[in-house]
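Order of listing sets the numbers, starting from 1, for every ligand and every atom in it. Source: prediction; values computed, not measured.
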Amino acid sequence: MELGDRSHPQIRQVVLFFVYLGGFTVLSETWRYSVAEETEVGSFIANVIENMGCSVEELAARGARVIFDDYKPYLRLDLQTGHLLLNEQLDREALCDFSEPCILHFQMLLENPLQFFQAELFVTDINDHTPTFLDKHILLKISEGTTPGTAFQMDSAQDLDVGRNGVQNYTINLNAHFHLESKDSNEGGEYPELILDQSLDREKESEFTLTLTAIDGGSPPRTGTALIQVVVLDINDNVPEFERPVYEVQIPENSPLDFLVIKVSATDLDAGINGEISYSFSHMSRDVRKTFEIHPVSGEIHLKACLDFEVIQSYSINVQATDGGNLSGKSSIIVQVIDVNDNPPEIAITSLTSPIPENSSPEMVVAVLSLRDKDSGDNGKMVCSIQDNLPFFLKPTFKNFYSLVMEHPLDRERRDLYNITITVSDMGTPRLKTERNITVQVSDVNDNAPAFSQTSYTLLVPENNSPGLHIGTVSATDTDSGTNAQITYSLLPPQEGDQDPQLALASLLSIHADSGQLFALRALDLVAVRLCRRSGASSLAGCSLPEGHFPGHLVDVSGAGTLSHSYQYEVCLMGGSGTNELKFRKPISQP
Ligand SMILES: *[C@@H]1O[C@H](CO)[C@@H](O)[C@H](O)[C@H]1NC(C)=O
Ligand SMILES: *[C@@H]1O[C@H](CO)[C@@H](O)[C@H](O)[C@H]1NC(C)=O
Ligand SMILES: *[C@@H]1O[C@H](CO)[C@@H](O)[C@H](O)[C@H]1NC(C)=O
Ligand SMILES: *[C@@H]1O[C@H](CO)[C@@H](O)[C@H](O)[C@H]1NC(C)=O
């Protein structure tokens, strides 16, 4: 290629100078030729005939030759035509590396006479190399807190070509976060710089890839790319957040220990330790501390003490979720304790009168009791009762107080002891019932007179009996108890008005105080009949009707001096038959 090549107008001028070199001539005109690298072997470079000023025939005769400075045969001279031809394919990058221009110096030599011509072969660059990034996969870690405007320097791409064929420009694909700027490096050349336009948010996009392209200036241009993998590093810019601002839960008060009350859960968008959450209570009351525990990792809240609706009906628990960077989010839990009918009614007997005298008047308060049920609502409402058929009833008095009141008079002789079962049940589900037994004893009052076993006794006594004869036994019983039932037998002593104390019954008979045995004090005879008559008995004829009547001469059969019943008696002496009759009669009157 001759220097007429438009692309190299600067080397058109020819420098001419003559040097005298001891007898041979060096024509100081330097021929300049140009060839593009990689041109095919045998390509025409120039015709030297004209420049040398000799004919084609002379070339061979004068031993024309081409000699490069490094003696390498890049060109050859066709002696037949005077054409300089490319003898081997040239690689500009191998010959000159980055030196530009790339010039191979050579001489055209004519031996006879010796003559030198200086020449230069410009090897021009073609765009035969592609820009290349040494690192085709670039990892770029950027913290999400990085301020926009921050620049990240990238390595430049290499292109073995020079000049316009070298790297001219860098681009990145269109993206939201970065633009690219080319910067001049100290070594001449440029390097690309990524400039952050907009801050990164790892929680939105934790990683993305950019394509960095290096473009050379060839025609057509060649490009080389590298992938930039941008990894956004987390900063603790997110607070843990609970699913709910308030949790509400209801649990029965009889829930067992370790019962799972609720599981809270919070999330933190940050990564790694910044997103690691641990749960805890905050500002907890003593009751909360005593009753609940939270698992720091699972967020499960368990019971560690029993609940009691009657003591605490609801708890407010503050929970917090803290991440590894000490940012925390809060929530609260309202725990409502549901009442369970877990308390049976309680009965307290505040007073009890026992024994009670049988003559107590009705309406008497026998016992006072107070009822209590720790549950609330229906679970705490109570009804109380005692057995039917008792001479008592329960009467509400004041608040939870009830009185056990006597309904009918009592009679110890009929029943001296009442086992009273007080039953209180609540209205809850299930019904809980409490029983309490009290025993009421009835104490005796001497309200019963002794009663003889017979309304009258007829004792037959032989006339003229011997004194001291056991003539019979009377017997009485008393339904009262104790001393009230102790019986002593006696005969009424002579009374005022008795006409003849000698004839009082007490002078005729004696009675054993304890056994009721009657004895004759003396021999009984018809004198008594006379007495009978004297006292106004109707008829004594033959004394067949024993009607002797001794008013005021009574047998006293009395109980311990408190009550006594008197009995009239009749004595008949059976004349002739040898028997006398003694009659005791039913009382005529109570004292
Ligand atoms: C580099 O390329 C960009 C985009 O193609 C273009 O806008 C810019 O002008 C170019 N810079 C140079 C120095 O060629
Ligand atoms: C978080 O707080 C605790 C106690 O206040 C402290 O000991 C710990 O070093 C803190 N951790 C960080 C990551 O700030
Ligand atoms: C009352 O209870 C006592 C003891 O529980 C028992 O011995 C007695 O027989 C009971 N009496 C009546 C009348 O139920
Ligand atoms: C109360 O007495 C009844 C009947 O005698 C008995 O069945 C019950 O077990 C007693 N209750 C208590 C609490 O003693």
* **Closer than 4.0 Å: a protein non-hydrogen atom to atom 7 (O) of ligand 4** => no
*asked:* Below 4.0 angstrom, counting only protein heavy atoms, does anything approach atom 11 (N) of ligand 3?
replied: yes
Which residue supplies the protein heavy atom nearest to [atom], what is that atom called, and how far is it?
atom: atom 2 (O) of ligand 4; answer: Asn437 ND2, 2.4 Å
atom: atom 9 (O) of ligand 4; answer: Glu435 OE1, 4.4 Å
atom: atom 4 (C) of ligand 3; answer: Asn419 ND2, 4.6 Å

**Study point:** Charged N-O contact under 4.0 Å between Lys263 and Glu300
**Key:** no
Using atom types as modelled and distance alone, determine if a side-chain donor or acceptor of Thr434 lies under 3.5 Å from a backbone N or O of Pro345. yes
Please check if the side chain of Ser403 supplies one atom and the backbone of Val405 the other of a donor-acceptor pair under 3.5 Å.
no
Test side-chain hydrogen bond (donor to acceptor under 3.5 Å, both in side chains), reference Arg412, set Asn484, Asn359, Asp444, output is Asp444
To the nearest 0.5 Å, atom OG1 of Thr267 lies from atom CG of Asn238 at 9.0 Å
| query | Does Leu417 have a heavy atom less than 4.0 Å from any atom of ligand 3? | reply | yes
Counting from 1 in the order shown, the ligand 4 atoms closer than 4.0 Å to a non-hydrogen atom of Thr421 are 1 (C), 2 (O)
- Short N or O distance, Arg415 and ligand 3, threshold 3.5 Å exclusive: no
Task: Any N/O pair Arg436/ligand 4 closer than 3.5 Å - done: no
Counting only heavy atoms not in Glu346, do more than 12 sit closer than 6.0 Å to its CD atom?
yes
Is the number of heavy atoms from other residues, nucleotides or ligands within 6.0 Å of NZ (Lys433) greater than 12?
no
